[in-house]
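As structure tokens, the structure follows; a few thoughts come after it.
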Amino acid sequence: MTSSRSGARPGAAGLAALASLVADETRAGFLLALLDGRAWTAGELARHAGVAASTASEHLGKLVAGGLLTEERQGRHRYVRLADARVAQLVEDLAAQVSPTAGVRPRTLREAGAGSAMARGRTCYDHLAGRLGIAVTDALTGLGLLRQDTGFALTDEGVGWFEGVGIPLVRTGRRPLARACLDWTERRPHLAGIAGAALCQHALNANWCTRIGSERAVKVTEKGEQALSQLLGIQTETLR
């Protein structure tokens with residue numbers, strides 16, 4: 001009988017290599033920062049992580065080579081971003097396995113405030129997350145626009161709602177129209193996929209939400225409170 005340990009299982013080497021890329025605190029910090037969906041320069045990420053530029057460059061090279069990041073150069077600047085939505089989903093899913101209270105406690109009131117803002121509302125790559133994302137997802141579900149009982153899926157009424165609000169659902173590639181993304185602070189799924197991305201982009205373009213600080217946190221504006229109340233019945237105090 002051949003021992004199961006006599007050879008590597010298919011895909012084991014690739015999985016181990018992927019895990020090793022994420023199993024470094026600096027690289028993990030870069031991936032979390034890039035969940036805002038924007039391109040960052042190597043210098044910005046170095047300052048964000050508190051490491052030397054040369055150290056950041058070495059780590060970024062590994063993430064690019066491993067397929068987790070893509071890069072482009074403009075003049076002297078090197079910009080990096082997450083490779084695609086699948087990488088963003090992987091990072092967010094991994095983050096959801098870690099307790100929000102794990103690790104070092106905030107050292108200053110500023111750090112505590114930033115953490116609170118991220119929990120209240122943020123972008124997860126290209127869709128809304130935090131309490132804001134959960135509130136929107138729950139409202140869509142409660143109105144019969146989104147189904148969660150048989151997997152995440154927009155109903156016909158849901159597709160019509162997006163069209164009626166003026167949020168186009170452009171279907172490209174194999175990305176699903178709606179997908180559940182486990183929220184790492186709320187421990188519940190929020191809406192991702194084409195619909196989640198379209199809603200987030202509309203919220204930012206229509207000034208329903210505005211970015212705050214240098215990370216992924218977003219704040220619902222007065223205009224956004226009114227719109228989300230009228231369109232989805234979300235109570236204002238839920239958004240603050």
Looking at [atom1] of [X] and [atom2] of [Y], how far apart are the two atoms once the value is rounded to the nearest 0.5 Å?
X	Y	atom1	atom2	value
Leu199	Leu140	CG	CG	7.0 Å
Glu186	Leu132	CD	CG	10.5 Å
His59	Thr55	NE2	OG1	6.0 Å

Original post:
Are the side chain of Arg27 and the backbone N or O of Leu21 linked by a donor-acceptor pair below 3.5 Å?
Top reply: yes
**OP:** Mind checking side-chain contact (heavy atoms from CB on, under 4.5 Å) for Ala28 and listing every partner two or more places apart, or none if nothing turns up?
**Re:** none
Subject >> Non-neighbouring partners of Glu58 that pass side-chain contact (heavy atoms from CB on, under 4.5 Å), sequence neighbours left out >> reply: Lys62
Kindly indicate whether the side chain of [X], heavy atoms from C-beta on, has any atom under 4.5 Å from the side chain of [Y].
X	Y	answer
Leu31	Leu69	yes
Pro189	Cys181	no
Glu225	Arg240	yes
Leu35	Glu92	yes
Leu191	Leu128	no
Asp183	Arg122	yes

Original post:
Side chains of Gln148 and Thr141: is there a donor and an acceptor less than 3.5 Å apart?
Top reply: yes
Original post:
Listed by chain and number, what are the ring pair (Phe, Tyr, Trp, His ring centres under 6.0 Å) partners of His202, not counting sequence neighbours?
Top reply: Trp208
Original post:
Going hydrophobic residue to hydrophobic residue with side-chain gaps under 4.5 angstrom, can you get from Leu231 over to Leu239?
Top reply: yes
Subject >> Path from Trp40 to Tyr125 over hydrophobic side-chain contacts below 4.5 Å >> reply: yes
Original post:
Can you pull the salt bridge (charged side-chain N to carboxylate O under 4.0 Å, His left out) pairs that have at least one residue in residues 65-75, sequence neighbours excluded?
Top reply: Glu71-Arg78
Original post:
Which residue pairs pass the side chain to side chain donor-acceptor pair (under 3.5 Å) test when at least one of the two sits in residues 126-139, sequence neighbours left out?
Top reply: Asp126-Arg175, His127-His190, Asp138-Arg188
**OP:** Check the pair Val91 / Leu34 against side chain to side chain contact (heavy atoms under 4.5 Å, CB included), numbers first and verdict last.
**Re:** CA-CA 10 Å; Val91 175; Leu34 290 165; over 6 Å; no
**OP:** Flag yes if more than 12 heavy atoms outside Glu237 fall under 6.0 Å of its CD atom; otherwise flag no.
**Re:** yes
Return a table of donor-acceptor pairs under 3.5 angstrom between the side chains of residues 152-168 and protein atoms on other chains or two or more places apart.
from: Thr155; atom 1: OG1; to: Gly144; atom 2: O; distance (Å): 2.7
from: Thr155; atom 1: OG1; to: Leu145; atom 2: O; distance (Å): 3.4
from: Thr155; atom 1: OG1; to: Glu157; atom 2: N; distance (Å): 3.4
from: Thr155; atom 1: OG1; to: Glu157; atom 2: OE1; distance (Å): 3.3
from: Thr155; atom 1: OG1; to: Gly158; atom 2: N; distance (Å): 3.0

Original post:
Charged N to carboxylate O under 4.0 angstrom, Arg86 versus Asp93?
Top reply: no
Subject >> Chi angles and distances behind the side chain to side chain contact (heavy atoms under 4.5 Å, CB included) call for Gln89, Arg179 >> reply: CA-CA 10 Å; Gln89 178 184 351; Arg179 178 182 66 78; 3.1 Å; yes
